[in-house]
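Notes for the one structure printed next.
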Amino acid sequence: MDQKELRNWEAKCTQEEPPKCKACCPLHVDGREFCRLLAAGQIDKAWAVLCKTMPFPSVTARICGGDCQKDCLREQKGGGIELAALERFTAENAKRTPVIRALPPRGKNIAVFGAHLSGLAAAWDLGKKGFIIKLFCKSKYEGYAELPAESITEEIFEKELNQLGKMNVTFVEDSSLAPDAVLAALEEFDAVFADPASCDSAALGLSEVNETTLETEKEFLFASPTGKEKSAIELIALGRKGTLSIERKLQNASLTAGRDRDAPFETRLFTNISKVEPVEPVEIPADGYSLELAREEAERCLLCECMECVNNCVYLKEFKSYPKAYARQMYNNASIVMGTRMANTLINSCMLCGLCEKVCPENFAMQDLCIEARQDLVDKGHMPPSAHEFALRDMDFADSTACAVVKHQPGTTQSKQVFFPGCQLSASDPGAIERTYEYLCSNLDGGTGLILRCCGAPADWGGQKEMFNRKMESLKQDWESLDKPQIIAACPSCIESLRKGLPEAEITSLWSVLSADPEKLTKPAGIELLSLQDPCSARANHRLMNDVRLLLSSLDVIFDEPELTGTHTECCGFGGLLANANEPLSAKAAQRRAEHLDHDGVTYCVMCRDMLSKAGKRCRHILDILFPGDSSDPAGRIAPGYSARRENRVRLKEGLLRNIWDEQPEPRNDYESVNVKFTEEASAMMEKRRILISDVQKTLHAMKNLKQVLENTETGHKLVQYRPVTVTYWVEYEMDGEAYLVHRVWSHRMRVLGGVS
């Protein structure tokens, strides 16, 4: 990602856009932050927000007309926030005003003609920026006449004028404001700002004042435009606009670039108020708010922000920021050798589910950003091996001769269609595959083949483009060996992956096939109301989601749906290899989704079923309803562990070869004959660290060739280590008769160097 791409990503996220109150205010006062502090009772800090933005705040805060109130989002839910009244309250009740200091002198002298509000505002802002100001006027009280008499006392006005004297501003009263004096000042000063309310605008030839920059026909002469009558706040804003133009002019910068937001503008910030309850404004007493009433009114502020994606995604919320900031982190991470642990974890923890894109008003696709970053890490050789190593090895195992099957239906030599159940269904519930395949063979014409293997999704999710392409090329060869049949896929993730990597194939879902002829299915009995869980990988597959609903309805299965469902469904925590890269966050995602299902769940993704089961949620796979097995409580079936999942795949292939194709499976590996038992502690460690029984068996089987076996002389336990692939394993054991009793196991994804020098 280069800087241009980063800017494009940043532009899609509106979280840093200002709230409506700030955008429509001529002075861009941050009403949101002001209300947040005032609601917390922090009057002085709320007052500091006004002092930071407003010229002569003791005056400006008291004369604000609150024009932003009509644009406030709260206006649609009870009435806009009474910001004007709250500003007056803080001006009158703040105990401490922050010290307003001017920047160090910049060596530039500016003349300001006129002490009306725009001239005073220009002098305030210019002086604060470090310019040396001489303010020529008939009287420094000229601006007082433009103020509502009932709002500002002469004492308050005098106090703010005195502050100007501390900010590089010198008043020159009883001055000539004639045109020749103004024009002569151009020879003496670096720039001039003239207020037509005090000067003879016609004689100055100021009719051609540029509305955007306040430039006149005379270079370095700027002035407020004449004509349209303006409010006090608008006049103050003109002085600020003149300040910005003068500063740019003296820096030889463009006077027009990036000035579209000087005046009030439309913010892009989106704030969802669909669930906000209406609350009426607090009535303003004749003598103004008390602290209690001011806080109550400030609490009505919605503190506008977007955060739609963060509020709906456990992943985005986990890292305590929002997509625009995450894009910057990923951009910076790409320039660091090996990256940083935090940024790499951020990149690899996305579920790639796409919910963010659906809820974002600007369609910010965090999943696209993350997969691009993963691919970049892989291409540069910076991807941490621990992130996806287990998932990629598991994928290879599913494609190995121990598990993979590519065959025509028994008794046929061609396949009109082929059943592709996916590697996770065979790992979780192999019996469901046997029963489903039997049904398809009996009810579909033309021969139904079978392909047992992985669709390559782990490689795709892991950013391993070359590995994914190799997997798909291998899968393509298997498909072509069956004469390119239609693929009937049971897993929504498989459908996505196959359509991406095998676009020439005709791919349909198992649920579409079954829903086309529901009369052949047996209606279940005794199933109570269920909650439907749509897998996130089905989000864009409307045909698939509709067919599942039609299928359940045709079986008289009654179900409801959570708030986030269909195209807005939540991920179960398995997607994007999250469980491999960040298992605690994966568990959070599963728990969150489980809590959003009101009844026992039903889903058509086996990993959704298993993840919800791990989170304590009773859940059925739809095949439990269509082709039930022997279990009396399929919704309560415990998700198998990692070793059991591998064993399920192997036994599925062995059973299919024997029972359907009348073939003998290949002999198992020698290490599988190692007799091993585990303590509860060892079993828990293995599941947590993704250490398989076969990994322990390989380590113990290789022991005869190992040079070192450590022994604990107190317990008699022995410790051996072995590195069969990319992971080093340690096994602590003792002999229990003919079996190895394993007490504890460890694994590290690093190379352990042996030998002693």
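Along the sequence shown, the residues carry numbers beginning at 1.
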- Message: Applying the side chain to side chain contact (heavy atoms under 4.5 Å, CB included) criterion to Cys370, which one of Trp461, Tyr326, Tyr315 satisfies it?
- Response: Tyr315
- Task: Evaluate the side chain to side chain contact (heavy atoms under 4.5 Å, CB included) criterion for residues Arg300 and Glu297: first the C-alpha distance (whole Å), next the side-chain angles of each, then the deciding distance (0.1 Å), finally the verdict.
- Result: CA-CA 5 Å; Arg300 295 178 60 246; Glu297 176 62 17; 2.7 Å; yes
Check this for me, if you would: do [X] and [Y] make a salt bridge, where the nitrogen-to-carboxylate-oxygen distance has to be below 4.0 angstrom?
X	Y	value
Lys20	Asp71	no
Asp376	Lys380	yes
Arg393	Glu389	yes
Asp394	Arg646	yes
Lys22	Glu33	no
Arg261	Glu266	no
Asp460	Lys465	no
Arg689	Glu583	no

Side chains of [X] and [Y] in contact at under 4.5 Å (non-hydrogen atoms):
X	Y	result
Phe574	Asp610	no
Leu502	Ile487	yes
Leu369	Pro323	no
Asp556	Ile527	no
Leu355	Cys536	no
Arg690	Asn580	yes
Glu528	Ile558	no
Arg499	Asn541	yes

Output yes when a side-chain donor or acceptor of [X] lies under 3.5 Å from a complementary backbone atom of [Y], and no otherwise.
X	Y	value
Arg620	Val602	no
Thr508	Ile488	no
Arg592	Val314	no
Asp429	Leu425	no
Arg649	Cys423	yes
Ser509	Ser512	yes
Thr565	Glu561	no
Ser554	Leu551	yes
Arg453	Asp399	no
Gln367	Cys350	no

- Task: Go through Glu16 and Arg268 one step at a time and tell me if the salt bridge (charged side-chain N to carboxylate O under 4.0 Å, His left out) criterion holds.
- Result: CA-CA 9 Å; Glu16 293 178 7; Arg268 292 171 57 235; over 6 Å; no
Give me the atom names and distance for the closest heavy-atom approach of [X] to [Y].
X	Y	answer
Ala298	Ala39	CB-N, 3.7 Å
Lys471	Gly456	CB-CA, 4.4 Å
Leu269	Pro18	CB-O, 3.6 Å
Asp30	Val49	O-CG1, 3.8 Å
Glu75	Lys70	CG-O, 4.0 Å
Asn648	Ala427	ND2-O, 2.7 Å

Side chains of [X] and [Y]: do they bring a donor and an acceptor to under 3.5 Å?
X	Y	result
Gln424	Arg645	yes
Asn272	Glu308	yes
Asn348	Asn582	no
Tyr322	Glu305	no
Glu570	His596	yes

- Which residues satisfy the salt bridge (charged side-chain N to carboxylate O under 4.0 Å, His left out) test with Lys77, sequence neighbours excluded? none
- Mind checking ring-ring contact (aromatic ring centres under 6.0 Å, His included) for His388 and listing every partner two or more places apart, or none if nothing turns up? none
- Note on the structure: Residues passing the ring-ring contact (aromatic ring centres under 6.0 Å, His included) test with Tyr642, sequence neighbours excluded, are Phe390
- Please name all residues satisfying side-chain hydrogen bond (donor to acceptor under 3.5 Å, both in side chains) with Gln464, sequence neighbours left out, ordered by chain then number. none
- Query: Under 6.0 Å between the ring centres of Phe265 and His28?
  - Reply: yes
- Message: Under 6.0 Å between ring centres: does that hold for Phe364 and Trp9?
- Response: yes
- Task: Under the salt bridge (charged side-chain N to carboxylate O under 4.0 Å, His left out) rule, what do Glu10 and Lys324 come out as? Steps first, then yes or no, please.
- Result: CA-CA 5 Å; Glu10 288 181 315; Lys324 188 171 189 174; 5.8 Å; no
- Message: Filter on salt bridge (charged side-chain N to carboxylate O under 4.0 Å, His left out), then keep only pairs touching residues 595-606, sequence neighbours left out; what's left?
- Response: Asp600-Arg618
- Item | Qualifying salt bridge (charged side-chain N to carboxylate O under 4.0 Å, His left out) pairs, either residue in residues 532-546, two or more places apart | Asp534-Arg549, Arg543-Asp547
- Message: Within a 6.0 Å radius of atom NZ on Lys688, are there more than 12 heavy atoms belonging to other residues, nucleotides or ligands?
- Response: no
- Task: Just do the side chain to side chain contact (heavy atoms under 4.5 Å, CB included) check on Tyr604 and Gln533 with the steps written out, would you?
- Result: CA-CA 8 Å; Tyr604 42 107; Gln533 159 66 5; over 6 Å; no
- Message: For a side chain to side chain contact (heavy atoms under 4.5 Å, CB included) check, start with the C-alpha distance between Glu5 and Tyr331, then their side-chain angles and the critical distance, and finish with the verdict.
- Response: CA-CA 9 Å; Glu5 290 173 310; Tyr331 172 78; over 6 Å; no
- Task: May I ask you to decide if the ring planes of His621 and Trp511 are parallel, tilted or perpendicular, using 30° and 60° as cut-offs?
- Result: tilted
- Give the intermediate values and the outcome of side chain to side chain contact (heavy atoms under 4.5 Å, CB included) for residues Leu475 and Leu498. CA-CA 9 Å; Leu475 200 154; Leu498 293 170; 3.8 Å; yes
